[in-house]
Amino acid sequence: MTTESGKLKIERVKALDGMTSSEEVEFLSELAQSVTDGVIVEIGSYRGKSAAALALGSSRGAGQAVYAVDPHQDFSGPPGGSFGDADRAGFYEAMLATGAYRLVRPVNLTSLETAACWRRPVALLFIDGDHRYEAVQSDIDAWRPHLLANAVVAFDDVNHPELGPHRVAEQLLSAREFSVIGQVGKILAMRRNSAADHPVPPRGDPASDLRDLNAARLRRNTYVSRRHRLLYVSVAKAACTAMKHLLADLEGETVLQSAAPESWEVEADLLVHDRHRWRMPSLADLSEAEQNEVLTGDGYFRFALVRNPFTRAWSAWQSKLLLREPLQVAEYRDAPFFNLEIGSKDDIASAFEGFLEFVARREYPSIRNDHWALQTTLLCRDRVSYDRIGKVEDVSELLSKLGDHLARFGATLPPLVRRNEGLIPWDPALLTRRCVELIRELYKDDFDVLGYSREPPGPQAVLDEREWRTAIAVIRMIRARHERLAVMFTRLKEQSAALRAMQALTQALTSERTPIRRLVNRTLTRIFGMRLVRSLLLSEAARRAANAGQDTGARP
């Protein structure tokens with residue numbers, strides 16, 4: 001950092017422009033000072049005051065790097081205040097004024113873009129970006145795989161119960177995934193519990209415990225047709241791929257008509273799950289008045305499909321984790337069940353039991369993954385009054401009612417074509433006694449509310465020895481290909497992120513609207529003492545003229 005005394009350095013940080021109080025500066029500095037392994041990541045840097053505080057603490061400790069992640073794009077925060085590229089100039093000035101540039105590594109991308117290609121273990125994560133609940137939850141979900149076992153996560157603005165940081169922090173604590181280590185002002189810090197300190201949480205009221213999580217699910221799992229006055233609430237692994245294709249055909253959606261190289265889906269049929277590619281809005285996209293009409297209006301047909309908890313859990317584990325689908329496996333790579341060798345049907349049974357034990361011990365009751373979350377929570381029954389909840393095992397009645405509704409609008413119901421079928425058919429003989437016990441306990445509410453028997457259903461098919469040998473060979477082949485796809489997807493995201501960063505830098509260096517060119521010139525000159533760097537700041541027009549052999553008269 002600088003050569004002045006420690007007191008002077010922290011006073012310089014406290015004097016910076018920003019929304020971090022002097023007490024909070026000291027608190028962040030203390031958190032950073034204790035970091036010995038792993039790096040420090042800050043989500044949302046504004047004008048650099050909190051990043052400088054973290055760098056100050058790190059300089060007094062092990063000197064670990066501080067990664068300041070902020071795209072510095074135009075944004076209006078839910079508590080008020082506007083942010084944009086002008087704050088980037090303030091950030092650079094703060095780095096120079098305090099000397100924090102020696103440890104701070106600016107990352108001019110969004111949190112999710114950065115997390116997607118991240119490779120370093122994180123010891124301290126400070127979340128102070130978009131304060132909406134969905135955004136904060138997305139931040140913690142994206143960065144959780146990169147956290148060390150005893151990592152510290154700090155949230156800003158936890159004193160506001162209506163904002164995302166408060167709600168997400170409360171959720172993490174109630175799930176016993178983290179324990180509070182201190183709070184100063186509006187910043188709360190908590191340490192991640194080890195597996196031994198993370199017992200099975202007591203069963204609570206799912207409608208209460210998962211209210212915040214369900215709000216996010218309403219955005220991604222609801223599909224509203226204004227033209228045909230429909231509300232479909234998708235339940236993962238309950239024919240949702242088939243039903244989404246039916247809706248896409250009905251509504252003339254084009255989600256499958258263009259290539260999607262940025263998608264992590266491994267099959268063309270599964271692109272239908274890329275919610276952002278749909279024109280059909282979700283409930284969360286509608287105004288409050290429109291939501292009320294969809295949820296309570298007489299003309300709307302509100303429906304969903306559910307599935308037997310036994311076969312659904314089997315299908316979800318098989319397609320997502322046994323076959324190692326790239327989009328699903330990040331959080332489970334270190335789990336013992338995930339790394340079991342699969343050489344026989346007994347290995348299949350052991351791996352499935354290990355998966356259920358993991359969910360019971362580490363994820364229940366706030367199961368975040370929709371594919372094995374309780375269907376009673378995915379249905380959001382506290383918000384939606386259904387006309388029909390059909391069962392996958394006998395979908396004919398639901399389709400008949402849906403067809404009658406569409407006939408009122410002169411529309412014909414497209415066929416429901418089963419897709420995304422599992423490789424190994426359901427056979428209760430493959431379940432251990434412990435598997436049955438765990439499914440009955442984990443999905444107690446689904447059995448009670450949806451009316452399914454607690455006895456495992458009969459087999460879809462029984463494989464003979466030759467078919468088992470073929471299935472095991474195919475599992476190994478698909479696993480290897482999915483692992484390779486994961487590597488390719490990751491490299492693609494890294495290259496895309498690097499390209500976006502280069503484009504943002506080029507725009508900043510060539511823009512006439514901001515003082516970034518002068519600031520970067522002054523920064524580089526001050527740090528490196530290289531006046532020649534000014535030649536890098538020529539305008540795009542000047543460079544094109546130079547490449548064409550014309551003399552622009554520019555001089556470094």
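A side-chain N or O of Thr110 and one of Glu113 form a donor-acceptor pair less than 3.5 Å apart. Donor-acceptor pairing under 3.5 Å is lacking for the side chains of Arg167 and Gln137. Side chains of Gln171 and Glu177: a donor-acceptor N/O pair is absent below 3.5 angstrom, by distance only. Looking at Trp468 and Ser344, their side chains never bring a donor and an acceptor atom within 3.5 Å of each other. Residues Asn292 and Glu288 have side chains that never bring a donor and an acceptor to within less than 3.5 angstrom of each other. There is a side-chain donor-acceptor pair under 3.5 Å between Ser179 and Asn193.
Between Glu253 and Arg277 there is no salt bridge, since none of the side-chain N atoms of the basic residue sits less than 4.0 Å from a carboxylate O of the acidic one. A salt bridge links Arg454 with Asp448: the distance from a Lys NZ or Arg NE/NH1/NH2 to an Asp or Glu carboxylate oxygen falls below 4.0 Å.
Heavy-atom contacts from other residues, nucleotides or ligands closer than 6.0 Å to CD of Glu483 number more than 12. Heavy atoms of other residues, nucleotides or ligands lying less than 6.0 angstrom from CG of Asp334 number 12 at most. Within a 6.0 Å sphere centred on NZ of Lys401, heavy atoms belonging to other residues, nucleotides or ligands number 12 at most.
The closest donor-acceptor contact from the side chain of Arg324 to the backbone of Arg479 lies at 3.5 Å or more, if one exists at all. Formation of a donor-acceptor pair under 3.5 Å by the Gln460 side chain with backbone atoms of Trp426 is found in this model. A donor-acceptor pair is defined here as one N or O able to donate and one able to accept, closer than 3.5 Å; such a pair exists between the side chain of Arg279 and the backbone of Gly252. Between the side chain of Gln318 and the main chain of Ile424, a donor-acceptor pair closer than 3.5 Å is present. Using modelled atom types, one side-chain atom of Gln291 and one backbone atom of Leu286 make a donor-acceptor pair closer than 3.5 Å. Judged by distance alone, the side chain of Asn221 and the main-chain N or O of Val233 form no donor-acceptor pair under 3.5 Å.
Identified under the salt bridge (Lys or Arg N to Asp or Glu O under 4.0 Å) test for residues 293-316, with sequence neighbours left out: Arg229-Glu293, Arg302-Asp387. Sequence neighbours left out, the pairs with a member in residues 424-434 that pass salt bridge (Lys or Arg N to Asp or Glu O under 4.0 Å) are Glu357-Arg434, Arg434-Glu437.
Aromatic pair Tyr452/Phe447: ring centres not closer than 6.0 Å. A centroid separation of 6.0 Å or more is found between the aromatic rings of Phe155 and Phe126. When ring centroids are compared, Phe355 and Phe337 come within the 6.0 Å threshold. Taking the six-membered ring wherever Trp is involved, the centroid distance between the rings of Phe303 and Tyr232 falls below 6.0 Å.
Annotation: side chain of Pro428 is not in contact with side chain of Pro457 (no heavy-atom distance under 4.5 Å). Side-chain contact check for Ser282 versus Arg275: some heavy-atom pair is nearer than 4.5 Å. Looking at heavy atoms from C-beta onward, Lys237 lies in side-chain contact with Ser319 at the 4.5 angstrom threshold. The shortest distance between side-chain heavy atoms of Leu230 and Leu402 falls below 4.5 Å. Put simply, the side chain of Lys345 reaches to within 4.5 Å of the side chain of Glu465, judged on heavy atoms. With a 4.5 Å cut-off on side-chain heavy atoms, Leu295 and Leu231 count as touching. Annotation: side chain of Trp278 is not in contact with side chain of Glu251 (no heavy-atom distance under 4.5 Å). Considering only heavy atoms from C-beta on, Ser234 stays 4.5 Å or farther from Met243 through its side chain.
Shortest non-hydrogen contact noted between Ala373 and Thr377 is CB-OG1, 4.5 Å. Gly299 approaches Arg408 most closely through the heavy-atom pair O-NH1, 4.3 Å. The minimum heavy-atom distance linking Ala313 with Tyr443 is given by the pair CB-CE1, 4.2 Å. Minimum heavy-atom separation, Asp156 to His131: O-NE2, 4.3 Å. Nearest heavy atom pair, residue His482 against residue Leu323, reads ND1-O, 2.7 Å. Closest non-hydrogen pair, Thr412 versus Leu250, comes out as O-CD1, 4.0 Å.
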Could you walk me through whether Trp372 and Leu321 satisfy the side chain to side chain contact (heavy atoms under 4.5 Å, CB included) test, starting with their C-alpha distance in whole Å, then the side-chain angles of each, then the deciding distance to 0.1 Å, before giving a yes or no? CA-CA 11 Å; Trp372 44 88; Leu321 298 183; 3.7 Å; yes

Run the numbers on Leu379 and Leu450 for side chain to side chain contact (heavy atoms under 4.5 Å, CB included), then give the verdict. CA-CA 11 Å; Leu379 290 170; Leu450 303 179; 4.1 Å; yes

Any chance you could lay out the salt bridge (charged side-chain N to carboxylate O under 4.0 Å, His left out) test for Asp394 and Lys391, step after step, and finish with the verdict? CA-CA 6 Å; Asp394 183 11; Lys391 292 185 176 180; over 6 Å; no

Go through the steps to decide whether Arg144 and Arg192 satisfy the test side chain to side chain contact (heavy atoms under 4.5 Å, CB included), and finish with yes or no. CA-CA 10 Å; Arg144 183 186 277 110; Arg192 194 178 197 182; 3.4 Å; yes

Should Leu125 and Leu147 be marked as a side chain to side chain contact (heavy atoms under 4.5 Å, CB included) after you check the CA-CA gap, both sets of side-chain angles, and the distance that decides it? CA-CA 8 Å; Leu125 176 66; Leu147 296 177; 4.1 Å; yes

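Separating the NZ atom in Lys244 from the CG atom in Leu271 is a distance of 12.0 Å, to the nearest 0.5 Å. Here the straight-line distance linking atom CG of Leu413 with atom CG of Leu406 works out to 6.0 Å at 0.5 Å rounding. Expressed to the nearest 0.5 Å, how far CD of Glu393 lies from CG of Asn308 amounts to 5.5 Å. Asp139 CG to Glu134 CD: the interatomic distance, rounded to the nearest 0.5 Å, is 12.0 Å. Between atom OG1 of residue Thr376 and atom CG of residue Asp445 there is a gap of 5.0 Å, rounded to the nearest 0.5 Å. Here Ile348 contributes atom CD1 and Leu340 contributes atom CG; the two are 10.0 Å apart, rounded to the nearest 0.5 Å.
Ring geometry, Trp317 versus Phe352: the interplanar angle falls from 30° to 60°, so the pair is classed tilted.
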